[in-house]
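Hydrogens, waters and symmetry mates play no part in the numbers below; they use all other heavy atoms, side chains included. Lettering follows sequence order; numbering is per chain, from 1.
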Amino acid sequence: MESYLIAILTIAGIYAVLALALNLQFGMTGLINFGVVGFYGLGAYTSALVTELLGLPFAAGLAAAIAVGAVAGAAASGLSLRLSGDFLAIVTLGFAETVRLVLNNEDWLTRGPRGFIISTRPVPDTLGRDGASLFYLGLVLVLALVAFLVLERLRRSPYGRTLRAIREDDLVPATLGKNVFAYRLQAFVIGSVLMAAAGSIYAHYVQTITPDNFTTPIAILIWMSLVVGGAGNNVGAVVGALAVTAIYEGSRFLMPFIPWLNAEQMSALRFIIIGIALIAVIRFRPEGLLPEPVNLPPSRTAQSSTSQQQYQVTGGTAS
Amino acid sequence: MSLLSLKSVRAGYGSADIIQGVDLNVVPAETVALLGPNGAGKSTLLKAIAGVARVSSGSVTFDGQSLTALSPAERAAAGVAFLPQDRNVFRTLSVAENLAVSAWGCADAAARIEEVLRLLPNLSALMRKPAGRLSGGQRQMVALAMALMARPRILLVDEPTAGLSPRLVGETLDLLLGLAQAGLGILIVEQNARAALTRVQRALILVDGKVVRSGAASDLAAEPDFGRLFFGEAA
Amino acid sequence: MQVVVNALASAAIIAPAAVGFTLTFMLFRYANFAVGAFVMLGAFAAWTVNVTAGLPLWAGGIAALAIGAMTVALSDRLVFRPLQGRTGATLLLVSVALSFVLENVIRFFYGSQIKGFDLPLTGPLMIGDLRITREALAVVTISGIAILSTAALLTLTPIGRALRAVADNTSLADVRGLPVGSIQTVGMIIAGALFGLSGTLVGIDLAIDPGLSWAVTIPIIAAAIFGGLGSPLGAALGALAIGFAEELTVMFLAPAYKGAVGFMVIVVVLLLRPQGLLGVAVDRK
């Protein structure tokens, strides 16, 4: 039971990082990324290939995952960010699907659906099985904490305020002399980098990855986490990830009570409930559990001449 | 018997009231101009009558029937025709289609088109053209024709001469206001205050969402400091 | 030549759905990513009537049209209409969630096993070296008829005219006395029937399983984007382009990558001609 709890917490921590990354992209900047699993999976496989095929340590795998995440994020967003949000949505969705196809079909490299086995772990050999899982949980929590602190700091900074202004109405910051495109690209790339890093951590945690680990259900869970927690709110993203993981994993324990359903039906039912809940939250409580903090001027009316000055100051430091 | 009657109407968009208590009456065959500076709420008042802007309090009755609970489409069916200032034709449809679609649900659409073409004969030559390709004046005529397809009893016209050449301003207003002779009530918002006052019977001057002056058009036009009082130096 | 035949058959499958997607976009200005799920639902409706009930496939096709129209109209009422006025991003997200729900509803009742229609075995027609299966011929014919009928409906009938008017300018349509809500519902029913039709056609060509929804979503949206999102006819031409791109890909890459072609086409369109083939720019500013 205890090891099960540690496992769930580890996964929840990884989902929290994904939700935080998505919060930067969608919650704070308004960019739709339906390809969360694409960046996540790309990070996982990159890290796996670098450590297993090249024999490099975990840190190199993580670094490679981050680099690939940055390049993929820049490519996907660079292509479509000048157009309406729908295009970014379809491009990211197509990107994730293409990643999945490549992972499934390039057996020589990824071993396809049979799965890729990873022996490298960023865990001291001296630890036992339980110690290793605890150590790994700690590692995930450190990553989640770092991601949270960095993003929270960013949200409170004038840079974050500019992102929100872009989300509300991209014409306003454009007239203030901000390069809207560059801001969006940066936000998207930082998010993609975090997702790829989460993928790397995940890969070395589970040690066997298959393309199925990076498909739509995970993307829906992450979106659910963000929307339920409260888009725009970093605490909300983390709380949402914990809540969604708890509900999703917890519903496993319902299985014995509905024995007439087979495993497939049970899993389908859980996804149906999650999907309907997501729609219901969007309809009835669009701000989520924890609404976006309003301590900063959220709307365009608040962008007075004083904040214009702040914009200019950050323009130099942030970019 | 008044055709359109507004009592203490407050109206606007979202939670803000732009119109702050307006009374207004239009009788059949009457032409009334709504004048005032930019931002006074003239267009908002028309939109409130048409059902496009929200009425927060007060009453809007048309022919003794309350309009406030009706949708824009229901108001159109009741005989209230709103002619918006811009985006007032379906740009991707031909002129003929614009007219036909404006007679939705009418069994006698063909007869109505003929009727409207008799009033606006210039349109006959444009019937097959996409409305988006027309000149400003032509588009305004098509928009008017579309409004007339429903055989309205009151016409709410929002700045019909905006963007037209000075020569067309007079022509357009003459044509529009001439329709009142057939019994149509007309409420018109017009920037060219002088041009409007020489052609309508009555006028209301709206400033900051309130009627500050109303009366016969000739009386208002005769006021020596009319322009300075209500329009700055512009009028 | 064989490539042309195959491309035409591929295009014919997704074309009705691409037309339906474009119609939805024109009427509501949001991209309904659940389009693949509606197609998948249509395929299962046709399969149920054809295999479970043992009726001929044309009866299954009619059931697919009906189920498609009903589901789309219902989802419009229950899910999308109440969210009118929210951002496009919200509606997009909801459509993905809806797609996920529908996919799992089918998985719940039918499982994940691959299914196929009960079709009589017929030999292909041979014209010289050209191999044309009777199924492909039927798919292309039916799809062609459906698209021409939709085009005729939109251009020649009063309801088609009203649909175009509402798509052009909703608030003006309202002011001119058109029953906008009902007209939009009619549009959704037409789009839903087209999704159902694509579902039946896809089942003739490919295996039917719940995962079908994601496999067809991207090619359908790619075809619509290629067509400019403002013209149903453009969407049909976009489908042709996707069909050709898919067949050419199969010649050079593993057939498995057919699914990525739509994505590649979108990327190329975005790089070269963001306004699509026929449509006007869908630019932000």
Side-chain angles (χ1 to χ4, degrees), chain A residues 26 30-32 34 75-76 79-91 93-102 104-106 167 170-171 174 180 215-217 219-220 223-224 227 261-262 264-284 286, chain C residues 25 29-31 33 78-79 82-83 86-94 96-109 111-112 210-211 213-215 217-218 221-222 224-225 229 253-260 262-267 269-271 274-275 281-285:
Chain A
F26 177 74
L31 305 172
I32 301 183
F34 284 154
L79 260 174
S80 45
L81 272 182
R82 288 184 197 280
L83 297 153
S84 83
D86 302 351
F87 285 96
L88 184 60
I90 183 72
V91 164
L93 187 69
F95 166 74
E97 176 69 8
T98 307
V99 167
R100 194 185 66 82
L101 287 174
V102 171
N104 261 316
N105 291 295
E106 299 306 314
R167 180 193 68 191
D170 51 9
L171 291 179
V180 172
T215 46
T216 326
I220 296 279
W223 270 99
M224 178 84 183
V227 171
L261 294 183
N262 62 35
E264 166 111 51
Q265 285 177 316
M266 194 56 215
S267 126
L269 190 62
R270 286 157 84 195
F271 286 135
I272 292 170
I273 292 168
I274 285 191
I276 292 177
L278 180 53
I279 295 172
V281 170
I282 291 173
R283 169 141 176 217
F284 298 108
Chain C
F25 187 84
R29 299 282 147 190
Y30 72 87
F33 276 44
L78 295 179
V79 180
L83 293 173
R86 300 279 191 92
T87 60
T90 305
L91 292 168
L92 213 63
L93 177 56
V94 164
V96 170
L98 176 67
S99 180
F100 189 63
V101 170
L102 293 176
E103 181 189 335
N104 281 291
V105 166
I106 292 296
R107 218 151 64 81
F108 186 89
F109 288 108
S112 290
S213 55
W214 294 111
T217 301
I218 294 163
I221 297 182
I225 287 181
L229 285 173
L253 273 172
Y257 285 113
K258 220 171 149 175
F263 171 60
M264 295 304 167
V265 170
I266 293 173
V267 168
V269 169
L270 287 179
L271 282 174
Q275 70 273 41
V282 197
D283 208 317
R284 253 182 195 275
K285 288 176 190 124

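- In terms of heavy-atom pairs under 4.5 angstrom with chain A, the leader among C:Gly88, C:Ala215, C:Ser99, C:Pro82 is C:Pro82.
- Per-residue counts of heavy-atom pairs under 4.5 Å with chain A were compared for C:Val79, C:Val94, C:Leu92, C:Leu83; the largest is that of C:Leu92.
- When all heavy atoms of A:Ile276 and C:Val101 are compared, the pair lying nearest together is N-CG2, 3.6 Å.
- Distance check: A:Leu93 CG to C:Ile221 CD1 gives 7.0 Å after rounding to the nearest 0.5 Å.
- Both the backbone and the side chain of A:Phe95 come within contact range of chain C, judged by heavy atoms closer than 4.5 Å.
- In terms of modelled atom types and a separation under 3.5 Å, the side chain of C:Arg86 and the main chain of A:Ile282 share a donor-acceptor contact.
- Of the listed residues (C:Thr87, C:Leu98, C:Leu93), the one with the most heavy-atom contacts under 4.5 Å to chain A is C:Leu93.
- Heavy-atom pairs under 4.5 Å with chain C peak, among A:Leu269, A:Val227, A:Asn262, A:Val102, at A:Val102.
- Smallest separation of non-hydrogen atoms from A:Thr98 and C:Met264: CG2-CE, 4.2 Å.
- Top candidate by heavy-atom pairs under 4.5 Å with chain A, chosen from C:Ser112, C:Ala222, C:Gly262, C:Pro210, is C:Ser112.
- The distance from atom CZ of A:Arg283 to atom OG1 of C:Thr90, rounded to the nearest 0.5 Å, is 13.5 Å.
- Proximity of C:Thr217 to A:Glu97: side-chain heavy atoms (C-beta onward) are nowhere separated by under 4.5 Å.
- Taking both residues in full, the closest heavy atoms of A:Gln265 and C:Phe108 are given as NE2-O, 3.1 Å, listed atom of the first, atom of the second, then distance.
- With respect to chain C, the highest number of heavy-atom pairs below 4.5 Å among A:Leu79, A:Ile220, A:Leu278, A:Ile279 belongs to A:Ile220.
- Of all non-hydrogen atoms in A:Ser267 and C:Arg107, the two that sit nearest each other are OG-NH2, 2.9 Å.
- The part of A:Leu261 that comes within reach of chain C is its side chain, from C-beta onward, which places non-hydrogen atoms under 4.5 angstrom from that chain.
- Between C:Leu229 and A:Phe87, the closest heavy-atom pair is CD1-CZ, 4.4 Å.
- With chain C as the partner, the residue from A:Val91, A:Ile274, A:Ile273 showing the most heavy-atom pairs under 4.5 Å is A:Val91.
- Rounded to the nearest 0.5 angstrom, C:Phe263 CZ and A:Leu101 CG are separated by 11.0 Å.
- Residues A:Gly275 and C:Phe100 share a closest heavy-atom pair of CA-CD2, 4.4 Å.
- For C:Leu78, the part sitting under 4.5 Å from any heavy atom of chain A is the backbone (N, CA, C, O) and nothing else.
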